[in-house]
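For reference, the structure is listed below as structure tokens.
Here the structure is a predicted model, which is why all the values come from computation and not from measurement.
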Amino acid sequence: MIAGALDTKSRLAAILFSVAAAVLLGGLVVGLTGANPISVYLEIAKGAVLGRGLDETLARSVPLVGMALAAAIALRAGLVNLGGDGQMLIGGLAAALVALYLPVPGVARAVLALAAAICAGGLYAWLAAILQLSLGIPFLIASLLFSYIARGLTSYLVRYPLRDPSTGMPETYRVASGARLPAHILDLPVSMAMVIMAVVAVVIVVNDRSGVNGFEWRMTGLNARFAQYSGVDLSRQTQRVAFLSGALAGLVGALLILGQQYRFTDGALLAPGYTWSGLMAAVLAMASPIATIVTSVFFAALQVGGFSMERALGLPAVLTWVLQALIILCLAARPIFFRKR
């Protein structure tokens with residue numbers, strides 16, 4: 001227990017150090033543009049938490065937290081899932097098809113669409129795990145290459161057989177209102193997508209801290225050979241972790257389709273870069289679920305605040321992406337500055 005507390009403290013110290021160092025370096029970058037770094041950071045903070053900015057931050061946090069946890073689950077067990085884009089696309093398209101064409105009542109259609117997205121995304125990641133176990137193709141490579149296949153397949157489907165001819169965009173028909181996820185619950189600025197993601201996050205945190213699976217995943221991530229000697233079935237665990245990671249990415253695709261976009265548009269799910277931002281958040285948090293959630297919300301606030309800063313000061317919002325990259329680089333360089341005694 002003491003070791004766990006020390007590990008948590010060291011992880012928190014590393015994250016805080018990385019953020020602080022990146023803020024200083026980012027201030028230097030901003031200063032080179034001729035702007036005042038303090039004004040820039042204040043504008044980012046105000047744009048992320050004041051007025052509509054808070055609603056946008058919360059809405060952006062839903063897919064970002066989901067994709068970050070999908071990456072963290074895999075990292076925790078020693079896998080690197082670079083196929084989040086493909087799993088999200090497959091899950092989003094599955095949700096759209098069920099919501100559009102399944103002849104059941106609206107609420108049931110929404111539930112089945114979410115289930116279809118979870119299964120589709122999970123199975124797509126599971127196939128990459130099977131390639132690793134049967135042919136020796138690393139999961140990192142297989143999952144990444146599967147993303148290109150998913151992009152091509154979904155793009156073809158929404159451009160030709162599934163396209164809504166009444167629009168000039170390569171996209172499906174709009175999902176009926178009865179199959180959509182409520183944007184507000186009890187007149188509160190809380191959507192059903194937020195509630196679903198919050199429940200998923202709690203389950204993942206509890207499993208990581210108290211569940212047998214969580215303990216085995218952590219043990220495998222630290223030393224796979226030791227975990228195997230301890231009785232962990234690595235083949236079964238790899239398949240299970242890959243499926244869960246992909247299922248969560250597929251769920252994110254469904255939440256975006258049913259809760260925000262209401263139709264599958266070619267390229268719309270990938271444009272915000274949720275997969276790579278989520279991966280950066282998971283890496284910064286060292287795959288700890290709680291730290292991953294906090295870091296994801298921080299990144300969401302940073303991105304939303306960046307758009308506000310762009311409108312107010314005329315500086316490009318890409319500066320916030322530079323800041324994210326600097327945070328990760330500072331984390332990677334941390335051992336140079338803090339060597340163990």
Side-chain angles (χ1 to χ4, degrees), residues 56 59-67 70 81 83-128 143-183 191-194 196-197 200 245-278:
E56 293 179 7
R60 196 176 187 87
S61 296
V62 172
L64 197 48
V65 168
M67 296 309 295
N81 183 6
D85 279 349
Q87 296 145 21
M88 181 170 56
L89 287 173
I90 294 296
L93 184 61
L97 292 178
V98 171
L100 285 171
Y101 300 112
L102 194 65
V104 295
V107 176
R109 193 183 301 180
V111 173
L112 292 175
L114 291 174
I118 290 171
C119 293
L123 288 174
Y124 204 63
W126 175 77
L127 289 176
S143 61
L144 178 61
L145 294 179
F146 272 23
S147 283
Y148 293 104
I149 297 175
R151 288 185 188 184
L153 177 62
T154 56
S155 178
Y156 168 78
L157 290 175
V158 299
R159 286 177 180 273
Y160 298 104
L162 301 178
R163 182 174 181 173
D164 180 1
S166 65
T167 70
M169 297 287 292
E171 56 191 10
T172 64
Y173 293 93
R174 286 181 71 87
V175 173
S177 58
R180 299 176 186 175
L181 298 177
S191 66
M192 181 57 69
M194 294 179 191
I196 293 173
M197 188 53 63
V200 170
S245 179
L248 187 49
L251 175 62
V252 170
L255 295 180
L256 289 171
I257 295 297
L258 302 180
Q260 294 184 18
Q261 301 176 10
Y262 306 128
R263 67 169 80 211
F264 190 100
T265 303
D266 187 25
L269 292 180
L270 303 183
Y274 292 127
T275 297
W276 299 107
S277 292

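Taking CG of Leu93 as the reference point, atom OG1 of Thr154 lies at 6.5 Å (rounded to 0.5 Å). Going from atom CZ of Arg174 over to atom CD of Gln261 covers 10.5 Å, rounded to the nearest 0.5 Å. Atom CG in Asn81 sits 10.0 Å away from atom CG in Leu248 (nearest 0.5 Å). Note that the OG atom of Ser245 and the CE atom of Met67 stand 7.5 Å from one another [nearest 0.5 Å].
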Verdict with reasoning, Phe264 to Leu157, per side chain to side chain contact (heavy atoms under 4.5 Å, CB included):
CA-CA 10 Å; Phe264 190 100; Leu157 290 175; over 6 Å; no
Decide side chain to side chain contact (heavy atoms under 4.5 Å, CB included) for Leu100 and Leu162; before the verdict, give the C-alpha distance in whole Å, the side-chain angles of both, and the deciding distance to 0.1 Å.
CA-CA 10 Å; Leu100 285 171; Leu162 301 178; over 6 Å; no
Under the criterion side chain to side chain contact (heavy atoms under 4.5 Å, CB included), I'd like the reasoning laid out for Ile196 against Leu114: C-alpha separation, chi angles, the key distance, then a yes or no.
CA-CA 10 Å; Ile196 293 173; Leu114 291 174; 3.9 Å; yes
Applying side chain to side chain contact (heavy atoms under 4.5 Å, CB included), run through Val252 and Met197 and close with a yes or a no.
CA-CA 9 Å; Val252 170; Met197 188 53 63; 4.1 Å; yes
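A salt bridge (charged side-chain N to carboxylate O under 4.0 Å, His left out) check over residues 85-112, counting only residues at least two apart or in different chains, returns the pairs Asp85-Arg151. Within the structure, the ring pair (Phe, Tyr, Trp, His ring centres under 6.0 Å) test picks out the following pairs touching residues 143-181 (sequence neighbours left out): Tyr124-Phe146, Tyr156-Tyr160. Applying the salt bridge (charged side-chain N to carboxylate O under 4.0 Å, His left out) definition to pairs two or more places apart or across chains, those involving residues 247-270 are Arg159-Asp266, Asp164-Arg263, Glu171-Arg263.
Shown here for Ile90 and Ala120, the closest heavy-atom pair between the two residues is CG2-CB, 3.6 Å. Pro272 and Ala268 get closest at one heavy-atom pair: CD-O, 3.4 Å. Taking each heavy atom of Ile257 and Ala96 in turn, the nearest pair found is CG2-CB, 4.1 Å. The shortest heavy-atom contact between Gly84 and Ala249 is O-CB, 4.1 Å. Residues Leu258 and Ala95 come closest through the heavy atom pair CD2-O, 4.5 Å. When every heavy atom of Ala99 is checked against every heavy atom of Val175, the shortest pair comes out as CB-CG1, 3.7 Å.
Side chain of Thr172 to backbone of Arg163: no donor-acceptor contact under 3.5 angstrom is found. A donor-acceptor pair is defined here as one N or O able to donate and one able to accept, closer than 3.5 Å; such a pair exists between the side chain of Ser147 and the backbone of Gly86.
Residues Thr275 and Gln87 are not in side-chain contact: their nearest non-hydrogen atoms beyond the backbone lie 4.5 Å or more apart. No side-chain heavy atom of Pro63 sits less than 4.5 Å from a side-chain heavy atom of Met88.
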